[in-house]
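Atoms within each ligand, like the ligands themselves, are counted from 1 in listed order.
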Amino acid sequence: MTLQNKHIYLDYNATCPQLPQVTAAMQDVVETAFGNPSSLHWAGRNARRKLDDARDTIAHYFGVDAGSVVFTSGGTESNNMVIQGMIAGSASGHIVLSAIEHPAVLQAVEQWCKRYPDWSFTLVKPDKDGRIDAETFMAACQDDTKLACLMWVNNETGVIQPVFEVSKACRERGISFFVDAVQALGKFEINLQQLDADFVSFSAHKIGGPRGVGALVMRRGVSLESLMIGGGQERGRRSGTENVAGVYGFATALGLQDFAPIQSLRDMFESKLLAALPDVCIFGQAHLRTANTSMFCVPGLEGETLLMQMDLMGFAVASGSACSSGKREPSHVLLAMGLPEQQARSSLRVSFGLEHDEATVYALITALCKIKARLRQMSGR
Ligand SMILES: Cc1ncc(COP(=O)(O)O)c(C=O)c1O
């Protein structure tokens, strides 16, 4: 099979193509359950039933009560709900968080602590492999620490974090624990009873559900200051007419996208990459990463340039830099891991999906080698 002149999507950590079963289920809800779930008439009741079904399916999947699931517009809103809700709910306090959190946690904490100076925070750096040490993390907690935030899986490196150890330690010390599980969903089994965190955030589009739909799972009995004030939907925790088709699509997607079998393909890609380009450095130990993610740097080449060249050849991959105020900034995750700025700027992330096969890997390696040779020739090195 030749993959020449085809578009190959290798950016599943950014978003996944929506699954056809999800689209069909959503279409059905749009047509048959269009009412406002808060309305008392038949149309409202139809919509309410779909909403309840979706909530039950999601709660069952995570091993929690339906009342623990709050629907939101995605991972960003769920994360902000926790940070802003905690800070708004108390005059002062301290937050411990990893330095590799998604900006929807990191920047929310930074900005809200600036606005409320009686709140402060401590960032905990990962080791050189991108993993947070649970003991170091807990050592950053103070007597006034009210919230600890540790993502389950890092979106850039795919490195799995020690959330179980931190959850247990937080419980012993009476600290609320928040886990951003957006990149964990679909990567392995998730049982929230075992995790025992106070808040866990999810996003539907990382598993083939719709974009703009997510959930925050809250431990029974915990509360947060509500950000969205209005009609009192979601038990007063998040006002606003519910996106019934969206959450139904989310519930439909659960369990359909299992990334675990991709690991052998990802490992094959990495060994072939190292054989073809021995100066490449792959971040994070393979057994501590989710099955579909490879982040690596190609020394001497700008990640952004590589990405654009790959794009011209039909490959959609991500680079290790983010756009901030119109400037390309190197990844805060790689910098926190201790990488020099130049190396952080030379990085690329490939995140595989279920449709990929060995032909994808060969085409990808060939493209990377060609681009590297061309760019080296152009720069005269
Ligand atoms: C770890 C993590 N948290 C939060 C988000 C934000 O989720 P959403 O795109 O649903 O707002 C993402 C999305 O990339 C993510 O990877």
**Prompt:** Excluding sequence neighbours, so at least two apart, what forms side-chain hydrogen bond (donor to acceptor under 3.5 Å, both in side chains) with Lys187?
**Reply:** Gln183

**Complete:** Output for ligand 1, non-hydrogen cut-off under 4.0 Å, lists Gly74, Gly75, Thr76, Asn79, His102, Met151, Asn155, Asp180, Val182, Gln183, Ser203, His205, Lys206

**Request:** Output the rest of the hydrophobic cluster of Val159: all Ile, Leu, Val, Met, Phe, Trp and Tyr residues reachable through side-chain heavy-atom contacts under 4.5 Å, sorted by chain and number.
**Result:** none

**Request:** Keeping to residues at least two apart or across chains, list the side chain to side chain donor-acceptor pair (under 3.5 Å) pairs with something in residues 221-232.
**Result:** none

**Prompt:** With no hydrogens and no angle check, do the side chains of Asp267 and Ser264 hold a donor and an acceptor under 3.5 Å apart?
**Reply:** no

**Message:** I'd like to know if the side chain of Ser167 pairs up with that of Asp196 as donor and acceptor (distance under 3.5 Å, no hydrogens or angles considered).
**Reply:** no

**Parallel, tilted or perpendicular: ring planes of Trp112 versus Tyr116, cut at 30 and 60 degrees** = parallel

